[in-house]
Amino acid sequence: MSVESDTGPAFAADLRQWIDRETLEAYAFALPYLAIFAVFLVYPLLKGLYMSFFEWNLLNPAQSEFVGLQNYATLLQDPMFWQALKNTTWFVVLTVPLLLLVSLAMALGINRGVKGTKVLKFFYFVPYVMTVSIVGFLWLQLYSANGAFTHHVGWLVGNVLGQEAFAMPALALVTVWWQAGFYFAILLAGRQGVSERLYEAAQLDGAGPLRQFKDVTLPQMRNSIMFVLIAGTVFQFRVFGQVQTMTTGGPNGSTNTLVYYLYQLGFQTFDLGYGAAVGYVILIILVGVSIINYYLVGQGVEG
Amino acid sequence: MSFADTAKDLIDVRVDVQTLYEVGVYVVLYGLALLWFIPLLRMFALSVTPSTQLFGFQWVPTRVTLAFWIETITTSDLLGRWILNTFIIASTTTALIVVVDSMVAFSLTRLEWPGRKAILGIIIASFMVPPQINVIPLFTLINRLGWVNSYQALVFPFVAGPLGVFLLVQFFRDIPEDLEESARLDGFSTFRIYAQIILPLSLPVITALALFVFVWSWNQYLWPLIVLQNEAAYTLPVGATTLQSVYAQESNRLMANLALISLPLFIVFLLFQDKLISSVQMQAGTG
């Protein structure tokens with residue numbers, strides 16, 4: 001470094017800051033992750049947008065035909081897409097409130113310090129460490145003609161996976177069983193973060209269990225309940241494994257969901273450009289949901 | 001106790017709301033636990049049910065056989081291969097995430113460099129990108145790299161995710177700066193500050209992250225299903241899919257396989273129950 005650069009133009013000072021030893025060290029620490037992030041997340045994301053403007057040729061990408069926005073136009077008139085969007089929304093509506101209800105009951109109950117807490121926690125949480133394909137095949141058995149579900153509830157609903165009206169609720173039930181433990185853990189932490197003093201004060205004011213729940217528990221657990229609702233919506237919107245292992249979208253398309261449709265386009269009919277467009281629309285929907293949630297939650301916290 | 005005393009006690013018992021409430025809590029909690037246990041019970045019960053007893057429904061078989069467990073363990077060479085594949089992929093992913101995420105989080109929170117705020121912003125924003133929507137372009141990339149059926153095809157895309165960076169950035173941020181300053185005065189290099197001060201202080205959060213990533217990577221399904229196209233390269237979750245198609249008619253044999261495949265993580269969970277639950281709880285901050 002020369003002395004005169006001290007008085008030199010601003011960019012020389014900038015340049016020096018870019019290449020001084022500490023900055024280089026800082027880059028060296030950041031580089032491995034950033035390189036992986038750029039190649040395996042950012043690049044595919046941009047490539048997907050690019051592909052969505054083409055009739056993509058799987059075997060010879062160089063011969064792909066540029067079609068502009070045609071994939072997106074097709075999508076707007078694709079009944080399969082709209083059905084998948086409707087089914088996915090229905091799945092979210094079925095799972096998220098039930099997950100919240102069940103996991104909140106688990107968390108509030110466990111927090112009271114009942115006997116056998118450790119065992120109860122084990123049973124609530126253990127399905128979450130199972131992989132979705134095993135969960136799917138296990139429940140396929142339970143729902144089968146000889147399975148425990150059909151044997152005990154079958155007189156009421158029959159073969160659930162074979163009926164358009166019941167197949168999606170059946171998948172939702174599997175999902176609640178599989179994932180309630182995750183939300184239970186989060187809500188338990190949220191409940192344990194509430195100061196017991198608030199309950200003592202409420203009791204002094206003569207509030208019964210119901211009042212305490214409404215005026216102390218719910219408002220104080222607002223953040224973790226919001227997390228369950230928001231993260232739950234975003235996670236459940238991506239449902240794939242349950243559909244792929246249990247119904248492959250049937251019967252009659254009634255359980256076909258967006259990610260499953262994307263998978264079929266990409267890896268069964270090899271319609272890569274169109275699949276990429278579907279992927280981008282899912283992304284836009286989910287980012288929209290996140291932004292709406294962000295403002296709803298943000299305003300709620302302020303207000 | 002005389003009859004008169006008992007009668008008196010009975011009369012004294014009032015319908016106490018608090019007691020009823022307490023009983024209700026127990027009924028709900030143990031009821032849920034029972035419901036949650038039934039599918040697992042069915043998996044293990046069926047796995048030891050002799051084929052002659054498969055017809056008709058019974059909660060627990062009257063005769064028990066370990067034949068399918070033994071058969072699965074002794075004759076299935078693919079299963080061993082799948083366990084090995086899954087283990088290698090999950091542990092490599094975990095190790096790589098711990099190393100590169102802690103390095104970048106250290107750089108983003110403890111070192112000064114132009115553009116770091118923007119970079120952190122981009123990483124956090126990538127939370128909104130569901131990995132599932134990236135599978136088509138990612139597959140064309142993996143294909144061009146010649147990585148189909150390889151371990152690295154599963155490792156790198158998972159390492160690119162933002163979760164670990166986000167958790168570690170939050171934690172590193174709160175480590176007080178005086179420790180670091182006095183270390184610098186003692187002539188510590190940047191690397192020693194990272195390796196000997198920041199990392200040891202963050203051990204609890206790093207182990208929780210590692211445990212979560214390991215379980216999560218072990219259970220991945222969609223991406224391995226796409227990128228592994230050869231039975232010998234399968235992970236357990238994908239391998240289970242082939243078992244279903246082979247043993248669809250023999251639920252006892254299938255369940256023995258599925259139970260065996262589930263066992264490794266059941267054991268991990270038994271060993272680290274509290275740690276794993278707290279690693280999930282850590283994520284509530286990511287909302």
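Lettering of chains follows the sequences in order, A, B, ..., and the numbering in each one begins at 1.
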| Under a 4.5 Å heavy-atom cut-off, does chain B meet the side chain of A:Leu31, its backbone, both or neither? | neither

| request: Please look at B:Ile142 and chain A and tell me whether the side chain, the backbone, both or neither of the residue comes under 4.5 angstrom of a heavy atom of that chain. | output: side chain

| message | Name the residue from B:Ile119, B:Val99, B:Ile97, B:Ile123 that meets the side chain to side chain contact (heavy atoms under 4.5 Å, CB included) definition with A:Tyr33. | response | B:Ile123

| query | Non-hydrogen atoms of chain B under 4.5 Å away: do they reach the side chain of A:Val114, the backbone, both or neither? | reply | both

| query | Which answer fits A:Leu138, side chain, backbone, both or neither, if we ask what part of it has an atom under 4.5 Å from a heavy atom of chain B? | reply | both

| Test item: B:Val159 and A:Phe37 side chains (from C-beta on) under 4.5 Å apart, heavy atoms | no

| said: For A:Met130, which atoms come within 4.5 Å of any heavy atom of chain B: side chain, backbone, both, or neither? | reply: both

| task | Would you mind checking which part of B:Tyr194 comes under 4.5 Å of any heavy atom in chain A, side chain (CB onward), backbone (N, CA, C, O), both or neither? | result | side chain

| query | Which residue, B:Val129, B:Val135, B:Leu138, B:Ile136, forms the side chain to side chain contact (heavy atoms under 4.5 Å, CB included) with A:Pro44? | reply | B:Leu138

| query | Contact part of A:Ser224 toward chain B, heavy-atom cut-off under 4.5 Å: side chain, backbone, both or neither? | reply | neither

| Residue part contacting chain B, namely of A:Val176, when any heavy atom lies under 4.5 Å | both

| task | Examine whether an atom of A:Phe267 lies under 4.5 Å from a heavy atom of chain B, and if so say whether it belongs to the side chain, the backbone or both; otherwise answer neither. | result | side chain

| Side-chain heavy atoms of A:Met106 within contact of B:Leu32, under 4.5 Å | yes

| said: Could you check whether any side-chain heavy atom of A:Leu272 comes within less than 4.5 Å of a side-chain heavy atom of B:Pro137, counting everything from C-beta outward? | reply: no

| query | So what's closer than 4.5 Å to chain B heavy atoms on A:Tyr263: side chain, backbone, both or neither? | reply | side chain

| For B:Leu225, is it the side chain, the backbone, both, or neither that has a heavy atom closer than 4.5 Å to a heavy atom of chain A? | side chain

| task | Go through the atoms of A:Leu187 and report whether side chain, backbone, both or neither lie under 4.5 Å from a heavy atom of chain B. | result | neither

| message | How long is the straight-line distance from CZ of A:Phe29 back to CE of B:Met103, given to the nearest 0.5 Å? | response | 5.5 Å

| query | Does a side chain donor of either B:Tyr221 or A:Gln244 reach within less than 3.5 Å of an acceptor in the other side chain? | reply | yes

| said: If I measure from the heavy atoms of chain A, does B:Val165 come under 4.5 Å with its side chain, its backbone, both, or neither? | reply: side chain

| query | By a 4.5 Å heavy-atom criterion (distance strictly below it), what part of A:Val135 contacts chain B: side chain, backbone, both, or neither? | reply | neither

| said: Is the distance from the ring center of B:Trp59 to that of A:His152 below 6.0 Å? | reply: yes

| query | Under a 4.5 Å cut-off applied to non-hydrogen side-chain atoms, are A:Val39 and B:Leu141 in contact? | reply | yes

| request: Check each atom of B:Val25 against the heavy atoms of chain A and say whether the ones under 4.5 Å are side chain, backbone, both or neither. | output: side chain

| Can you say whether A:Tyr128 sits under 4.5 Å from chain B via the side chain, the backbone, both, or neither, judging by heavy atoms? | both

| field | Part of A:Arg112 lying under 4.5 Å from any heavy atom of chain B | value | side chain

| Checking A:Ala38 against chain B: side chain, backbone, both or neither under 4.5 Å from a heavy atom? | neither

| At a heavy-atom separation under 4.5 Å, does A:Phe240 approach chain B through its side chain, its backbone, both, or neither? | side chain

| field | Residue B:Thr241 versus chain A: region with a heavy atom under 4.5 Å | value | both

